[in-house]
Amino acid sequence: MDLHKIFLSDSLYTKYGINSFSEDELLNILFHNENSDINKIKTLDSYCTVCKKETTFISSDITTINFRETLLQITDRGIDSVDNVFNFLEECGTFERVFKCPRPGSDSNHNHVYVFRIKDKELIKIGQSPSIADLAKKEIEKYRSFDENIYKELNRAIGLSSYGIGVGSYVYLRRIIEKNIVVPILQGLLEKGEIAQDDLFQSDFKKKIDLAKDYLPEFLVSNKKIYSILSKGIHQLEEKECNDSFPLLRTAIEIILDEKIEQQKRDEKNKLIANELNKFK
Ligand SMILES: [Zn+2]
């Protein structure tokens, strides 16, 4: 299992069967464990929202439960089997991991904090600061200057998904395709008389994409399935199924948006050069 992913990108309240981890892996997630050779999570590569820079955060020992004390208690109580270690950890309450920004002068505002608990033989990430949505703001910032509405819808989708609300996140992703990308083009075609009002009433959405295909990002036209998957998610899939596929669909939407931004840049450049050429007599 990718332990870093649990910290960095998995949504809150995702449950992991405790038996899917080795004892070492579980202790690594729950505790700062500096002196151990088994430590797999000494650092996390993420984004510092204070420095506004990509940062390698360093695991810190300012935690609620100390690793050595816990091991001592496990030894003192004569806990020997893995199952009993897991039971003991379940009784411990919450586990906090703190990762510090290493830049000189960084205070606790720069820290990334993660909180876990074990319940019913499952590991659950119950808290995270900064939130996944806050961290994603920087990744999707380029869409804000392209279209403020699209930026807001995408940020809401990421926010909902980060709380495990998979179906709700699909609603916002679908709105980006439908309301912000396809419908405005169809409206334009309707006004120019290139399509008729009846076309819009009769068509299902995939057919609407075909009607507007000459003006839409190529990736959307050749992958109309994106829209069907989002619709299926909203109407038929479970939260978890939606959440599991969210990163894939988010990337697909970002590819479509990137294509639109490229197109806009190309159009602006073409217009500029055409204007300059027209100045020659
Ligand atoms: Zn920082």
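Positions are given from 1 along the sequence. Read the numbers this way: they start at 1 and go in the same order the structure lists the ligands and their atoms.
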Tyr114 ring center near Phe7 ring center (under 6.0 Å)
yes
State which residues pass side chain to side chain contact (heavy atoms under 4.5 Å, CB included) with Glu90; sequence neighbours excluded, sorted by chain then number.
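By the side chain to side chain contact (heavy atoms under 4.5 Å, CB included) rule, Glu90 matches Ile118, Asp120.
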With sequence neighbours excluded, what pairs up with Asp244 under the side chain to side chain contact (heavy atoms under 4.5 Å, CB included) test?
Lys240
Do NZ/NE/NH1/NH2 and the carboxylate oxygens of Lys207 and Asp199 come within less than 4.0 Å?
no
Sub-2.8 Å protein N, O or S atoms surrounding the Zn ion (ligand 1):
Cys48 SG, Cys51 SG, Cys101 SG, His110 ND1
Please determine if Lys192 forms a cation-pi arrangement with Tyr215, meaning its NZ or CZ atom is less than 6.0 Å from the six-membered ring centre and no more than 45° off the ring axis.
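Yes; both conditions hold, so Lys192 lies above the ring face of Tyr215.
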My understanding is that only residues two or more places apart in sequence, or in another chain, count here; which of them pass side chain to side chain donor-acceptor pair (under 3.5 Å) with Lys152?
none
